[in-house]
Amino acid sequence: MTETRDTVILGSGCAGLTAAIYTGRAGLNPLVLEGHEPGGQLSITTLVENFPGWPEGIQGPELVENMKKQAARFGATYQLAHLNGVDLSVHPYRLQTSAGEICTRTLIVASGASARWLGLPSEQALIGHGVSSCATCDGFFFRGKEIAVVGGGDSAMEEALFLTRFASKVTLLHRRSAFRASKIMLDRAMAHPNIELRTNTIVEEVLGVEEKDVKGLRLRDVTTGVESTLAISGLFLGIGHEPNAKMFTGQIDLDEDGYIKTTGNVLTTRNGQVVQGVFACGDVQDRRYRQAITAAGSGCMAALEAEKFLEEHGH
Ligand code: NDP
């Protein structure tokens with residue numbers, strides 16, 4: 001007979017770990033399933049300058065490690081497992097995980113979002129052979145080389161700036177002429193002597209599939225239609241993220257882009273009706289703010305709702 005837990009938290013990023021701190025302090029002994037990317041997006045970022053309380057900034061992995069220790073102090077436990085299937089039709093809910101079946105009275109979904117790809121066959125063929133979505137993970141391999149970054153938001157700016165530590169030149173390619181990035185990040189990228197910005201440009205093909213090593217890009221200027229090639233050794237994607245919520249299709253409501261729909265901040269719904277005891281927080285339900293601090297805030301809300309739900313149901 002599988003033991004029934006009070007709270008299971010899916011995901012170990014900022015939202016999940018904040019939920020773990022709160023549910024831990026409430027004595028709910030939360031189990032955190034760490035997922036495919038333990039620590040979430042903070043674990044693959046560099047300096048976080050806008051998390052309150054760190055006047056000089058803090059490294060993302062250090063921030064997330066601190067949260068993990070903080071939650072463990074209050075009884076949170078961690079399992080390196082991911083969710084294979086879920087049945088929310090009967091309460092307590094049943095989760096099929098890579099580490100076996102788990103039963104839980106409340107479920108906090110904090111499974112975050114994963115990097116988006118262009119979807120070109122040549123790009124997919126060269127992932128890990130010069131194509132990457134994580135500058136912090138792979139930048140080191142491009143010391144002294146010329147590389148390109150795709151995207152026009154803060155992620156792309158951050159990646160381009162970070163990659164100048166290694167690469168001799170970074171070409172930033174953006175499909176439009178207007179940028180989504182915040183002014184401060186765009187100004188930093190524009191002012192950097194080793195970053196060249198090319199707007200109205202899309203990647204048609206990543207060259208080097210036969211060699212199993214990125215050799216360059218075939219580009220197209222979308223205003224003139226003119227094609228060109230750019231010799232580079234690495235391509236980094238900074239084009240946003242996809243929510244990790246596919247496993248909930250049909251069980252809770254998702255929006256047209258696959259984000260979990262919430263009401264009352266963190267309550268999930270099925271056909272518009274609240275699903276009892278299932279809460280969503282962080283980037284899996286937030287397409288607007290997507291910040292470490294907002295993820296932490298919604299993780300706190302989800303934990304307080306879980307606590308309230310258990311109390312109301314006599315646990
Ligand atoms: P965004 O959605 O803000 O930007 C994605 C960028 O990628 C856009 O410029 C978009 O182009 C482009 N893009 C998307 N799909 C494609 C495609 N198929 N081909 C080419 N280009 C594409 O995502 P970010 O990850 O940059 O940022 C998400 C959130 O996180 C934001 O709120 C941001 O402020 C925040 N953030 C903050 C940081 C910081 O403060 N240090 C660091 C990183 C992120 P288009 O503009 O044409 O749609």
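Just so it is clear, the model here is predicted, and its values are computed rather than measured. Indexing begins at 1, ligand by ligand and atom by atom, following the structure's order.
Taking every non-hydrogen atom of G153 and a distance limit under 4.0 Å, the qualifying atoms of ligand 1 come out as 4 (O), 6 (C), 9 (O), 26 (O). Atoms of ligand 1 found under 4.0 Å from any heavy atom of Y289, numbered from 1 in the order shown, are 32 (O). Those atoms of ligand 1 that come under 4.0 Å of a heavy atom in G240, given as number and element, are 23 (O), 25 (O). Of all atoms in ligand 1, listed by their number and element, those nearer than 4.0 Å to a heavy atom of E158 are 41 (N), 42 (C).
Contact annotation: for I202 versus ligand 1, there are no heavy atoms closer than 4.0 Å. The side chain of H174, and not its backbone, has at least one atom closer than 4.0 Å to an atom of ligand 1 (non-hydrogen atoms only; side chain from C-beta on). With a 4.0 Å cut-off on non-hydrogen atoms, N50 touches ligand 1 through its side chain and not its backbone. Residue contacts with ligand 1 for Q291 involve side-chain atoms from C-beta outward but no N, CA, C or O (heavy atoms, distance under 4.0 Å).
From the protein, the heavy atom lying nearest to atom 7 (O) of ligand 1 is I239 CA, 3.2 Å. In this structure, the protein non-hydrogen atom closest to atom 20 (C) of ligand 1 is R175 CD, 3.6 Å. Considering only non-hydrogen protein atoms, atom 19 (N) of ligand 1 sits nearest to L118 CD2, 3.4 Å. The nearest protein atom to atom 2 (O) of ligand 1, hydrogens excluded, is given as R290 NH2, 3.7 Å; this is a heavy-atom distance. Shortest contact from atom 9 (O) of ligand 1 to any protein heavy atom: G152 N, 3.0 Å. When hydrogens are left out, the protein atom nearest atom 47 (O) of ligand 1 is R176 NE, 2.7 Å; that is the closest non-hydrogen contact. Of all protein heavy atoms, the one closest to atom 34 (O) of ligand 1 is D154 OD2, 2.5 Å.
Using bins of under 30°, 30° to 60° and over 60° for the plane-to-plane angle, the ring pair H82/H36 lands in the parallel bin.
Comparing R180, R287, R116 against atom 45 (P) of ligand 1, the shortest heavy-atom distance belongs to R180. Here the shortest heavy-atom distance to atom 26 (O) of ligand 1, taken over G151, A115, G119, S155, belongs to S155.
Side-chain contact, T106 with T7: a donor N or O sits under 3.5 Å from an acceptor N or O.
Within the 3.5 Å criterion, the main-chain N or O of C281 finds no donor-acceptor partner in the side chain of S298. E123 places a side-chain N or O within donor-acceptor distance of the main-chain N or O of L118, the cut-off being under 3.5 Å. Put simply, the side chain of Y93 never gets that close to the backbone of V278: no donor and acceptor are under 3.5 Å apart. The backbone N or O of G225 lies less than 3.5 Å from no partner atom in the side chain of R220, so there is not a single donor-acceptor pair. A side-chain donor-acceptor contact under 3.5 Å links D253 to the backbone of N271.
With salt bridges taken as basic N to acidic carboxylate O contacts below 4.0 Å, one links R116 and E242. Using a cut-off of 4.0 Å between Lys/Arg side-chain N and Asp/Glu carboxylate O, K215 and D213 are scored as salt-bridged.
Remark: C134 pairs with C137 by the disulfide bond (SG atoms under 2.5 Å apart) rule, at least two apart or across chains.
The disulfide (SG to SG under 2.5 Å) contacts involving residues 152-240 comprise nothing, where partners must be two or more places apart or lie in separate chains.
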